[in-house]
Amino acid sequence: MQAIGQNVRQISFWAENAAPIGLVALVIVFAILSPTFLTLGNIRAMLVAAAILVILAIGQSFVITTGGIDLSISATMTFGAIGFGLAFQAGAGFWLSALVAIVAGLLIGLINGLLIAKGKVTDFIATLGTLSVATGLALIVSNGKPITVTSDELLILTSGSLGIFGYPIILAAVIAVLAWFFMFRTRFGLHVQAVGGNEESAVANGISATRIRMAVYLISGGLAGVAALLLVARVGAAEPAINTQFLLNSIAAVVLGGVSLTGGKAKIVGPVIGALLLTALTNGLTLLGVSQFYQPLAVGLVVVLAALLTRFQKK
Amino acid sequence: MQAIGQNVRQISFWAENAAPIGLVALVIVFAILSPTFLTLGNIRAMLVAAAILVILAIGQSFVITTGGIDLSISATMTFGAIGFGLAFQAGAGFWLSALVAIVAGLLIGLINGLLIAKGKVTDFIATLGTLSVATGLALIVSNGKPITVTSDELLILTSGSLGIFGYPIILAAVIAVLAWFFMFRTRFGLHVQAVGGNEESAVANGISATRIRMAVYLISGGLAGVAALLLVARVGAAEPAINTQFLLNSIAAVVLGGVSLTGGKAKIVGPVIGALLLTALTNGLTLLGVSQFYQPLAVGLVVVLAALLTRFQKK
Amino acid sequence: MTDKYNSVPDVSPHTGTTQARDFILRATDIKKSFGGVHALKGASMTMRRGEITALIGDNGAGKSTMVRCLSGIHRPDSGSIVLDGEDVTFESPNAARERGIETVHQTLALVEDLSVWQNFFLGREKTHGFGPFRTLDRKVMKATAGELLKNLAVNVPPVTSKVRRLSGGQRQAVAIARAAGWGSKIVIMDEPTAALGVQETARVEGVINTLRDSGVAVLLISHNFDQVMRLSDHVWVMRAGMAVAERRTEETSGDELVALITGAKAA
Amino acid sequence: MTDKYNSVPDVSPHTGTTQARDFILRATDIKKSFGGVHALKGASMTMRRGEITALIGDNGAGKSTMVRCLSGIHRPDSGSIVLDGEDVTFESPNAARERGIETVHQTLALVEDLSVWQNFFLGREKTHGFGPFRTLDRKVMKATAGELLKNLAVNVPPVTSKVRRLSGGQRQAVAIARAAGWGSKIVIMDEPTAALGVQETARVEGVINTLRDSGVAVLLISHNFDQVMRLSDHVWVMRAGMAVAERRTEETSGDELVALITGAKAA
Amino acid sequence: GCAGGSGTDGGSSSKVAAVIKGLDNPFFQAMESGIQDTADTDGVDVTIQAAADIGDTTGQADKLTTLAGQDFGCFIVNPISGTNLVQALSQVATAGKPIVNIDQPIDADAAKTANIDVATYIGTDNEAAGGKAGDFVLSQVDAGSEVAIIGGIAGDVTSAARIDGFKAAVGSDLDIIQESAADWKREVALTTATDILAANPNVKAFFAANDDMGLGIVKAVENAGLTGQITVVSVDGNKDALESVEAGGLSATVAQYPYAIGSLGLQACEVATSGGELPANIESPTALVTSAEAPDAIAAFPQPFAPFDNPLEDLLPTE
Ligand SMILES: Nc1ncnc2c1ncn2[C@@H]1O[C@H](COP(=O)(O)OP(=O)(O)OP(=O)(O)O)[C@@H](O)[C@H]1O
Ligand SMILES: Nc1ncnc2c1ncn2[C@@H]1O[C@H](COP(=O)(O)OP(=O)(O)OP(=O)(O)O)[C@@H](O)[C@H]1O
Ligand SMILES: [Mg+2]
Ligand SMILES: [Mg+2]
């Protein structure tokens, strides 16, 4: 107790925990302002809504831990969704189509990995390129038309739940637990952190930076494929439109979660909470009936404030 | 002649000059495929269309030279355009309204500068925040409505020309020359490069990294304000729409121009050519009647290829 | 031999004659913390005109922090610096340089992507013209930089080549020539030969002697006792953020210095 | 005394008795270029069982490049490395380590954001469990790291603290303890004491002697002649990418070594 | 704000929630005004939310889900795509609250699968709107003339419907030389149109999927000095487009009267909450506005300029 009390007085305590503190603060404010906010129904809805962003943020977190960035993540999700839609339309059934979505995501991840790890192209530019490429491919293969998908499995995925936890957020939670396990309890995760912290030293100790980089972009692509499933389930169709919002939000969630963009410091819980925070923010603003025009302003201010806080983190 | 001949055999020659080589290659390809491409009319139109991107790329180039990035640049332009529109609507006249646009851009630049230079917030996150903030502000103050602007001065700005050079591209060229002068012939420019190259060393030599960073974000914001003028002149209205394309293209232009995202290496001509290249690419694809679906793919491939080339640059 | 830690050595007991005005620099009771780390806990030291003063101590003793305080990079939390009899506070590295204190930092403080001449004049470039259109006087700067480098380097690099292309020794030469080239009163060198080979080390030691002979006071930080004994006139010993002892070089020995550094000998 | 540059010293003339099997390592005619820079132009050298071999030379002579070739970071463009009588090529640093070559790099090769024990086992972590769910055996690794560090450091840092928080001396201790702790045949140390204070340097020299006494062959790169003369049994001299001379330490002097390094003396 | 409601708590509230497309487009702003103004006149408490932009399918669904948990008596939805709101709506349907679908129709199959019963659909067939534009172009240019189409973001549903309608109407009578995407943006459309004009000097007409892009094309035509020689038609009927039609810039716009759609939507909710029966489909007025009709249209803006028989008039609860 006392230890915590002491901690609280230090600014770095606030900085390390910007995301959970921000989340708690938001919850308190919204709970006071809106009676609906803390109802079970709304919490359930919020969690389901957060699932896609949580999964993307986890993928992004692996990439950012190595000091990279994946700008193609939401375009990859779109591409995966179209892959699912086409496979399903062709009669492949749910499971095979899901596989196609994930493979499509892995494909873009592979291209990113090859460009960045083997081709030594700057992450920013490589993924900016694949953003365009994935978008173009999604448009071309779908002929620019949304593909309506009606599948029992998808219906179960969207509407099923255990208590207040809908299946999407349960899937996201399972992924988060696995991600945490791999990041902090296996050699692979340690090597991801080492490459992000100091690539030269990692290489001198026999770690293959090339393989690690390949792996994180594959993870991010694969998770974008999984997110594509939830996306198709949620909107009931595979659409070739890009969801730019998801890209910026996935990065914001990771940074709000206390991960430095320079790499080397891994976090999984932080980005998950960051994603929840961003979702709660839009949810609360919607509940309060705040005009659409003020919402980007509010999101921007929260991001900037959280970033100002995180800078007091201990090195 | 011989020196050039020798150079041509070295891969770093191609890498250093990825943008001009790419531009020449594109021009040759398109000139063969489309008889219209090299007509005076089309060249004039292309140059005018490129002006906004050229100006944004120059602003972005200053920021990237310090190792930063300005994600808010296109949102700032939108905000500046709305500033112009509102001032003009309020009867402020062209020149005063233009001043308002530039001041609006400088304002966002100032916020970026304060957050990054004084607040030590990561550039990526700070400008991601101001992207949202500027977008929100533009929507709020304009009430989300486009503001039609009919001004003689704007008309002259869009339609006037000297030979095949329309006034917008002349304005962009003047800005490019000034930018080159300040970057390579003044203390300020040298200090920008020094801060980007090695901030600690620059500070140890008495350069104020804080002031330099403030300055580059102000430059980028101010130039976004100037670009806003051209945008309003071009479409005849100030619209609160977000122009994400301009953001990604401005960064792509700078990187195609051979500027490293890690900072320290300044270029002005490169980014200008990069901007021309991206404009020529869309122009050519449209002339050839390439399907809209294939255009993102083509742009993505060009970006990736150019990035693959630039990695062979000499250190 | 000084009476206590951090005594202010106005009149140094072992010479008996040194007057305050002989000290070109006197730093008194300097404190500096970084967050929870107290790098300097009230350190005092002096430098005399025309002498080479050595500053020695274990890793993390606070030598570089002291140097950074003297050269205007850090501002001490408390304490005073008297330069040439005048109380000074340095707002910036440039302020220190304008008062005649040049520094060769442990990290060299070069910008790799800039050329040799640009690094040479970094932060105090020569310009011509007026107002915002003052342009860099490139010709003059290149000529001056080339001139000054010639005295020092074994293989003089072209002044227009980027520092990135230089070898470690050449870089060190650029940093030292830069500091030595401004006709200043004090030159501080933080481990200037740590990574240098024999030939380069000999050159640098030559430059240090030349500086002294031309009346410049030199502060030399070094872990190399032979070098300290060979070059310096006076030695200050730091331990754990304090200056714990001083000696005339001719009156001490390598062994005594080791004992002072490790704390085996009190002061 | 060797007949020519880069002669392959199968039987070293000045001892007359050394047999090929006494060499634990023999690198022959190693070449390595980076773009246009020929860092190694056909350098040869040997190390003997249970001896400390010193490698000296000016800045940029190619010492670190040689070390990187021996430790699997670089793959030589040509040339052969014979380890314990067996021709080897190292695909990766791990391959070299598996064959018993440990290295303390000039840059230390630590990851600042990882803890001491994580750095200690970096690249060869101990795990338990099976398949993709093999987990790190944190307990064992922490204990081992703590144990090995205790022998070396003056102030032993807690094994769970991040390397970022350690002082320069502590970091060096971690890097050296890591290399020394694996019961290997050869330990290479690239300027292990360059930035260390007196106490730390003494400790490191102690470790080097201990390693030799336990039968490990040590390759020591150093600019410090006193250290080389004090510690080593055999000295190789590099100049401009070539090994230009070798001496038994007891048969040479600092002055001769300087002459060999600078090229004042032919070989 | 949403204070001062006349809603009764529990059971069937008379509060109305509306979720529409992105407000960064004047079309949807007019729709919002239609809903808000009507609510103000009728004393209904309404909450309006919009997607972040035209591509924000999930964001829109999230917003609807958020509102679905509150005590609204009726929901007005203008989905971005045919299916993106279906899942969120199933919750509304389960609670037995009426759903009024405006503008973009909800995919019928998906609605059936999810057991969603849409009280009424109000809107204009986007395909029909495109068709009207096509008919107009046919009447303006010679058969076999070259015509170019500029759509919204590649892959957008509304854009595709309008373009399909246009193509169906012109059939093989005109030569469609090119179809480009201009992201719904004026500046992009301007650049694209300029390029198309350069490549195809014989192009006689442009069709744009919304007014903003239409105005960009007008500007391109003007820059090329071809004003009056090239027919430019777009869809929406925004104020600045009407003004351009009047001034001789745009040749015509197919007005969809988003204000009227919004207004009808709210009235439909009033009918539904008071227990009235709604027709399954309500066709909101559309009209081709050429320079002849433009002054009237501007005068009546945002209301429809032509007399319009409101099918809900008689059904509305009397106060
Ligand atoms: N910027 C800083 N932030 C935090 N701690 C610092 C900083 N600079 C120095 N320190 C700490 O202050 C102490 C003194 O460091 P300093 O660099 O002055 O030592 P030094 O005597 O120069 O050592 P060395 O011989 O290794 O160069 C060390 O504990 C160091 O970690
Ligand atoms: N990765 C690299 N890329 C390009 N050049 C390199 C690289 N590594 C070393 N060199 C060059 O090879 C030459 C030999 O360098 P090396 O580091 O081996 O010298 P050294 O003998 O260790 O010098 P020092 O005493 O300064 O450590 C130098 O000219 C150096 O610039
Ligand atoms: Mg130091
Ligand atoms: Mg070396």
Side-chain angles (χ1 to χ4, degrees), chain A residues 12 16 61-62 64-68 117 120 174-175 177-213 215 218-219 222 258-268 270 310 313-315, chain D residues 64 67-68 70-74 90-99 101-115 117-138 141 161-166 171 174-175 178-179 182 188 190:
Chain A
S12 68
E16 299 282 348
S61 188
F62 272 91
I64 291 182
T65 301
T66 66
K120 310 282 182 214
V174 168
I175 289 174
V177 169
L178 283 177
W180 186 90
F181 174 80
F182 281 110
M183 186 67 103
F184 296 111
R185 286 293 176 266
T186 69
R187 299 184 61 179
F188 169 71
L190 190 56
H191 292 183
V192 168
Q193 297 171 57
V195 168
N198 187 334
E199 177 164 352
E200 207 184 318
S201 296
V203 169
N205 282 293
I207 295 170
S208 163
T210 314
R211 277 166 56 185
I212 293 291
R213 281 192 200 287
L218 280 172
I219 288 176
V259 179
S260 144
L261 287 170
T262 51
K265 269 175 254 163
K267 293 216 168 133
I268 297 294
T310 44
Q313 277 176 7
K314 266 184 267 161
K315 275 281 150 54
Chain D
S64 294
V67 166
R68 286 158 181 272
L70 296 180
S71 61
I73 294 183
H74 294 332
F90 301 130
E91 299 289 327
S92 73
N94 265 348
R97 295 203 292 203
E98 270 156 29
R99 303 299 301 259
I101 299 183
E102 290 290 330
T103 311
V104 180
H105 291 282
Q106 198 165 5
T107 53
L108 299 185
L110 298 173
V111 179
E112 297 202 321
D113 283 319
L114 295 182
S115 64
W117 71 264
Q118 285 172 325
N119 269 288
F120 218 93
F121 284 87
L122 201 58
R124 48 187 160 189
E125 298 81 4
K126 302 217 175 300
T127 52
H128 41 211
F130 296 98
F133 290 90
R134 258 181 315 161
T135 52
L136 296 171
D137 196 344
R138 297 148 64 89
M141 287 194 279
S161 72
K162 293 204 169 168
V163 166
R164 189 181 287 286
R165 306 250 170 90
L166 304 191
R171 288 174 194 212
V174 171
R178 173 169 70 178
W182 295 94
I188 303 177
D190 196 351

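Here is how names work: the chains are called A, B, and so on, in the same order as the sequence lines, proteins then strands, and each is numbered from 1.
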Best-contacting candidate, [options], against chain A by heavy atom pairs under 4.5 angstrom:
| options | answer |
| --- | --- |
| Arg178(D), Glu112(D), Arg68(D) | Arg178(D) |
| Thr107(D), Thr103(D), Leu122(D) | Leu122(D) |
| Ile73(D), Thr127(D), Leu114(D) | Leu114(D) |

Atom group of Phe181(A) that falls short of 4.5 Å from chain D, counting heavy atoms: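 Interface part for Phe181(A): side chain.
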For Arg185(A), what residues pass the salt bridge (charged side-chain N to carboxylate O under 4.0 Å, His left out) criterion, not counting sequence neighbours?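 For Arg185(A), no residue satisfies salt bridge (charged side-chain N to carboxylate O under 4.0 Å, His left out) once neighbours in sequence are set aside.
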In chain order, what residues pass the salt bridge (charged side-chain N to carboxylate O under 4.0 Å, His left out) check against Arg187(A), with sequence neighbours excluded?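 Listed in chain order: Glu125(D).
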Quick one: does Val192(A)'s side chain get under 4.5 Å of Met183(A)'s, heavy atoms only?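 Touching, per the 4.5 Å side-chain cut-off.
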Is any side-chain heavy atom of Asp113(D) closer than 4.5 Å to a side-chain heavy atom of Arg164(D)?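 Yes. Closest side-chain heavy atoms under 4.5 Å.
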Would you sort out whether Gln118(D) and Val163(D) count as a side chain to side chain contact (heavy atoms under 4.5 Å, CB included), showing the intermediate values? CA-CA 10 Å; Gln118(D) 285 172 325; Val163(D) 166; over 6 Å; no
With chain D as the partner, which of [options] has the greatest number of non-hydrogen pairs under 4.5 Å?
| options | answer |
| --- | --- |
| Ala202(A), Gly197(A), Ala204(A) | Ala204(A) |
| Ala266(A), Ala194(A), Gly196(A) | Ala194(A) |
| Asn198(A), Ile207(A), Val195(A), Leu190(A) | Leu190(A) |

Could Glu102(D) and Arg124(D) be called an ion pair, given the rule that one side-chain N must be under 4.0 Å from one carboxylate O?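 Yes, this pair counts.
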